[in-house]
Amino acid sequence: MKALILVGGFGTRLRPLTLSMPKPLVDFANKPMIQHQIEALKDVGVTEVVLAINYQPESMLNFLEEFETKIGIKITCSQEPVPLGTAGPLALAKDKLVDGSGEPFLVLNSDVISEYPFKELIQFHKSHGGEATIMVTKVEEPSKYGVVVMDEETGKVERFVEKPKTFVGNKINAGIYLLNPSVLDRIELRPTSIEKEIFPGIAADQELFAMVLPGFWMDIGQPKDYITGLTLYLNSLKKRSSPKLASGSHIIGNVIVDETAVIGKECLIGPDVAIGPGCVIETGVRLSMCTVMQGARIKSHACISGSIIGWNSSVGQWARIENMTILGEDVHVCDEVYSNGGIVLPHKEIKSSILKPAIVM
Ligand code: GDD
């Protein structure tokens, strides 16, 4: 089976991290977001992943070349000359996706995180015989997503409305699809939206089915959701009794620590923390609900909560970082500085406190 991941967009909502890296390569729980997806695809028997790309292809290609051999899966890129939206890239990659076997293929939005229940999706798709299946999940605020109205018994989709202005329902498109090759006959090679132009048509032909996604789901394309996504992801590791979770008297709740990270004495870490490779956490540091990315140093007695510390950054002694502060790559926060929701662009030194949420350029 083949799969296509939609890797377009500029990732503006995850700035300043995406100023250093394309969004799919930004670490989530200690590995690039896209690695979670590719590993899950490999586990369900996908042999080739096509990345539909329209931006920064060089860094993506370098990473993927290395990764292709490490994980043992074929990864190819389909590069758009102009952004083709969420459906156009499928038309562009048609020859890569269809091999004459009639087998359906998987399509993923690149910023969704879940347990990727592809096995269940494939079984359901086979059982209903329709042209396309989408995974859906319930959310409290459906207006920023694609909303699906479906027959609860059969899963048949009655309506698909992208970002509705008025309330239509609370089951939303999770950005994970299984499509028959015939769906490609519905897509023209031009910038076009699968949500606005293709799904409504398949639904009208009674060929679109939806399956409620088991387990957790989150679109981690913006900082608040990224932090919530980490909580959900770690919780799911806990449910599966994953050995990846850290333990010890200095750990509270669910925490992952890369084996190359060094943790000093008298720290208190957790809940919901990811500490990446090569990080140094000095004595007496307090971390909760945060991600500390590769190569970062947190100096003694600093306190970080609800924030993201970018690659190779440092936080000074007794500094306090909170309220969705995001430090880009190579940012250095001086001793005793306080950040309340600062968004700091890469390669900066922060000498004075950021007292209310602000972008520091
Ligand atoms: N290759 C390529 N080219 N990919 C693109 C392009 C493009 O021109 N435009 C967007 N994408 C990719 C994005 O990178 C993302 O992975 C996916 O397509 C969805 O696009 P977004 O623009 O991020 O959509 P959204 O997050 O507002 O909404 C989508 O996701 C929701 C779930 O999180 C829709 O699919 C909604 O229906 C869905 O509920």
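Note that ligands are numbered from 1 as they come in the structure, with each ligand's atoms numbered from 1 the same way.
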Hey, which atoms in ligand 1 end up nearer than 4.0 Å to a heavy atom of [X]?
X	value
Leu84	8 (O)
Trp217	32 (C), 33 (O)
Pro83	8 (O)
Glu195	34 (C), 35 (O), 37 (O)
Pro89	1 (N), 2 (C), 3 (N)
Tyr177	35 (O)

Below 4.0 Å from ligand 1: does a non-hydrogen atom of [X] turn up there or not?
X	result
Gly221	no
Gly175	no
Phe199	no

Rounded to the nearest 0.5 Å, what's the gap from [atom1] on [X] to [atom2] on [Y]? Could you check?
X	Y	atom1	atom2	value
Lys2	Leu41	NZ	CG	14.0 Å
Arg15	Leu345	CZ	CG	8.5 Å
Leu184	Ile198	CG	CD1	10.0 Å

N or O contact, [X] vs ligand 1, cut-off under 3.5 Å:
X	answer
Ala174	no
Ser110	yes
Ile172	no
Lys23	no
Thr86	no
Val112	no
Leu6	yes

message = Ser143 vs Glu141, test: side-chain hydrogen bond (donor to acceptor under 3.5 Å, both in side chains). Steps then yes/no.
response = CA-CA 6 Å; Ser143 62; Glu141 179 37 78; 2.3 Å; yes
ask   = Between Lys244 and Asp258, is there a salt bridge with N-O shorter than 4.0 Å?
value =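 No, this pair does not count.
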ask   = Under 6.0 Å between the ring centres of Phe28 and His36?
value =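 Yes, the ring centres sit under 6.0 Å apart.
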ask   = Would you call the rings of Phe199 and Tyr177 parallel, tilted or perpendicular if under 30° counts as parallel and over 60° as perpendicular?
value =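 If you compare the ring of Phe199 with that of Tyr177, the planes turn out perpendicular.
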ask   = According to the interplanar angle, ranging from 0 to 90°, do the rings of Tyr116 and Phe118 count as parallel (below 30°), tilted (30 to 60°) or perpendicular (above 60°)?
value =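 Ring orientation of Tyr116 relative to Phe118: parallel.
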task = Determine, stepwise, if the pair Glu322 / Ser305 fulfils side-chain hydrogen bond (donor to acceptor under 3.5 Å, both in side chains).
result = CA-CA 5 Å; Glu322 60 187 32; Ser305 68; 4.6 Å; no
inquiry  = I'd like to know whether CD1 of Ile359 has more than 12 heavy-atom contacts from other residues, nucleotides or ligands below 6.0 angstrom.
reply    =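 It does not: Ile359 CD1 has 12 such atoms or fewer within range.
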ask   = Which part of Asn109 is near ligand 1, with near meaning a heavy atom under 4.0 Å away: side chain, backbone, both or neither?
value =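 Both backbone and side chain of Asn109 come within 4.0 Å of ligand 1.
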inquiry  = Hydrophobic clusters here meaning ILVMFWY residues chained together by side-chain heavy-atom distances under 4.5 Å, can you tell me if Met150 and Leu179 are in one?
reply    =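 Same cluster: Met150 reaches Leu179 through Ile, Leu, Val, Met, Phe, Trp or Tyr contacts under 4.5 Å.
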inquiry  = Nearest non-hydrogen contact with atom 27 (O) of ligand 1 belongs to which option: Met33, Lys144, Lys163?
reply    =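 Checking each option, the heavy atom nearest atom 27 (O) of ligand 1 is found in Lys163.
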request  = Look at atom 39 (O) of ligand 1 and find which of Ile34, Ile176, Asn173 reaches it with the closest heavy atom.
outcome  =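 It is Asn173 whose heavy atom sits nearest to atom 39 (O) of ligand 1.
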query = Please walk me through it: do Thr325 and Ser339 pass side-chain hydrogen bond (donor to acceptor under 3.5 Å, both in side chains)?
reply = CA-CA 7 Å; Thr325 290; Ser339 171; 2.9 Å; yes
